[in-house]
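Chain letters run A, B, ... following the sequence lines, proteins first and then strands; every chain starts at 1. Remember, predicted model here, so these are calculated numbers, not experimental data.
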2 protein chains.
Amino acid sequence: MSDVIELNTSACSGFHALSDPLRLQIIDLLRQQELCVCDLCDRLEVRQSKLSFHLKTLKEAGLLRSRQEGKWSYYSLNLPEIARLEQYLSNLKQATPRPSRSCSED
Amino acid sequence: MSDVIELNTSACSGFHALSDPLRLQIIDLLRQQELCVCDLCDRLEVRQSKLSFHLKTLKEAGLLRSRQEGKWSYYSLNLPEIARLEQYLSNLKQATPRPSRSCSED
DNA sequence: TAGTCAAATCAAAAAAAGTTGTTTTGTCAA
DNA sequence: TTGACAAAACAACTTTTTTTGATTTGACTA
């Protein structure tokens with residue numbers, strides 16, 4: 001039961017992280033390769049502080065990893081977490097359906 | 001290209017709809033059977049107007065269907081749309097990765 | 001060390017999302 | 001019809017999220 005709540009909380013913040021167009025663009029760019037913040041800035045044409053905010057959101061939701069190399073920070077997808085969200089959605093389909101009942105029946 | 005934008009917009013609002021704990025609870029209840037608003041109200045112990053707001057959010061994102069029967073409204077999952085979001089996540093994994101490159105290389 | 005650059009952090013403002021209580025709409029039944 | 005009930009819509013308010021411009025931090029190098 002506590003597991004369900006855990007799962008819900010994590011799914012919730014994961015989906016929230018995916019609910020912004022810029023963040024989806026970031027993820028799309030990172031599909032192909034790890035990128036550093038300045039590269040992302042160039043490609044997305046957004047201010048650095050704005051990007052930083054969204055990268056933080058994605059990272060805190062567990063969707064991105066980052067590593068530092070000198071003065072650069074590189075971000076990449078954290079595929080296992082993405083797979084977990086995928087699994088969450090997949091589970092919704094496999095529920096044992098009960099027959100629908102009429103609201104007046106009780 | 002326009003397709004990508006379409007997909008992104010729809011994915012965005014889908015994920016947004018999934019980014020609230022109450023809405024995830026609603027979805028969880030509907031996994032098993034279609035329910036009417038008053039049933040959902042009882043089980044979730046929330047005001048009707050609040051529930052109505054969240055049902056609308058979910059429906060506008062395409063995640064729920066509804067039908068009216070007399071004075072009752074019944075809501076159910078729209079599985080194909082959920083599957084579409086699942087597919088979106090699944091696609092993220094299958095990208096052809098390019099070797100990561102150093103930021104100073106240009 | 002002083003200067004430069006990448007990136008994170010912060011505070012203030014703006015925008016968006018969610019809540020609440022009330023009203024409206026539509027359907028049914030007396 | 002009229003009254004009762006389910007659900008949607010609304011307006012005012014609260015809370016959360018996002019944006020912006022500026023400052024700070026940390027690492028490199030001249």
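Within the nucleic acid shown, A/Ser49 comes within 4.0 Å of at least one base atom, counting heavy atoms only.
A/Leu30 pairs in a side-chain contact (heavy atoms from CB on, under 4.5 Å) with only one of the listed residues (A/Leu58, A/Leu63, A/Leu77), which is A/Leu77.
Across the protein-nucleic acid pair, B/Leu22 atom CG and C/dG18 atom P stand 10 Å apart, rounded to whole Å. Atom CD in A/Glu69 sits roughly 13 Å away from atom C1' in C/dA6 (whole-Å rounding). Between the CG atom of B/Leu64 and the P atom of D/dA7 there is a distance of 14 Å, given to the nearest Å. Following rounding to the nearest Å, B/Lys71 (NZ) and D/dA7 (C1') show an atom-to-atom distance of 11 Å. For A/Gln68 and C/dA7, the CD to P distance is 9 Å, given to the nearest whole Å. Rounding to whole angstrom units, NZ of residue A/Lys59 and C1' of C/dT9 are separated by 15 Å. Between the CZ atom of B/Phe53 and the C1' atom of D/dT14 there is a distance of 13 Å, rounded to whole Å. The nearest whole Å value for the distance from the CH2 atom in B/Trp72 to the C1' atom in C/dC28 is 8 Å.
Nucleotides of DNA chain D nearest to B/Cys36 and A/Gly70 differ in position, and the one nearer the 5' end is that of B/Cys36.
Between A/Ser52 and C/dT9 there is no side-chain N or O to OP1 or OP2 distance below 4.0 Å. The shortest distance between the side-chain N/O atoms of A/His54 and the OP1/OP2 oxygens of D/dT19 is below 4.0 Å. One finds a side-chain N or O of A/Arg23 lying less than 4.0 angstrom from the OP1 or OP2 phosphate oxygen of D/dT18. At C/dT19, none of the side-chain N or O atoms of B/Arg47 fall inside 4.0 Å of OP1 or OP2 (strictly under the cut-off). Look at B/Tyr75 and you won't find any side-chain N or O under 4.0 angstrom from OP1 or OP2 of D/dA6.
Considering only the side chain of B/Lys50, C/dT19 comes nearest among C/dT22, C/dA8, C/dT19. Of the candidate nucleotides C/dA8, C/dT9, D/dA7, D/dA7 has the atom nearest to the side chain of B/Val37. The side chain of B/Asp20 sits closest to C/dG18 out of C/dG18, C/dG26, D/dT20. When the nucleotides D/dA27, C/dA7, D/dT17 are ranked by their closest atom to the side chain of A/Cys38, C/dA7 comes out on top. In the set D/dA9, C/dG18, D/dA22, the nucleotide with an atom closest to the side chain of B/Lys56 is D/dA9. The side chain of B/Gln48 sits closest to D/dA7 out of C/dA7, D/dA7, C/dT19.
Side-chain contact between B/Ile27 and B/Leu18 is present, with at least one heavy-atom pair separated by less than 4.5 Å. With contacts defined as side-chain heavy-atom distances shorter than 4.5 Å, the pair B/Val46/B/His54 does not qualify.
Linking Ile, Leu, Val, Met, Phe, Trp and Tyr whenever their side-chain heavy atoms come within less than 4.5 Å puts A/Leu24 and A/Ile26 in one cluster.
A donor-acceptor distance shorter than 3.5 angstrom exists from the side chain of A/Arg23 to the backbone of A/His16, with no hydrogens or angles considered.
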- prompt: Please walk me through it: do B/Phe53 and B/Leu22 pass side-chain contact (heavy atoms from CB on, under 4.5 Å)?
  reply: CA-CA 11 Å; B/Phe53 168 79; B/Leu22 181 57; over 6 Å; no

